[in-house]
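Scroll down for the structure; my scribbles are underneath it.
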Amino acid sequence: MMVFKTLALGVGVLLSSIVVAKDWQVKMLSYGEKGPMVFEPDYIQADVGDTVTFVPTQPGHHTKSQLTPAGQAGWTSKFNQTYTVELTHEGLSLYFCPPHLMMGMVGVIQVGEAGNQAQFDQAYDAIKDKVVVNPERLDLIKSQIQ
Ligand SMILES: [Cu+2]
């Protein structure tokens, strides 16, 4: 019985130390909780090894990265298609929906520490210049970075 208890404890410790990679689902929407033309959620805090899957919940959207951390491949998905990004490196990614950038259809993925904050700030300023409707939405997204 004692042997069994020790064994069970050992297995429990082993299981709790295994980190399970998560798949984050981001809906691409023409109308969401925060108004027209949104990624939902528009900010994700993830870990290396997680994936983000962009889901064409409503038609007319796709996703393109503006900035990724060093080592993380950029992406451009096709219209109306599910697209999965594997998060391979720590840092911030900034992405948008090309036809709706001017309406503030932008999102951020944070993986671990925001080590590339300076590059992010530059990319953010450049992209915010192109947003005509709801530019304050970008500030709300940015304010979530930790
Ligand atoms: Cu869009």
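In each ligand, atom 1 is the first atom listed, and ligand 1 is the first ligand listed.
Aromatic pair F54/Y95: centroids less than 6.0 angstrom apart.
By the criterion of a separation under 2.8 Å, the protein N/O/S atoms near the Cu ion (ligand 1) amount to H61 ND1, C97 SG, H100 ND1, M105 SD.
Side chain of E90 to backbone of E113: a donor-acceptor contact under 3.5 angstrom is found. Side-chain atoms of D50 do not come within 3.5 Å of backbone N or O of D23 as any donor-acceptor pair.
Of the charged side-chain nitrogens involved, at least one lies within less than 4.0 Å of a carboxylate oxygen, so that D42 and K34 count as a salt-bridged pair.
For the residue pair H89/T68, the side-chain donor-acceptor check at 3.5 Å is not satisfied.
Partner E40 forms a side chain to side chain contact (heavy atoms under 4.5 Å, CB included) with one of M28, E33, Q25 and no other, that one being E33.
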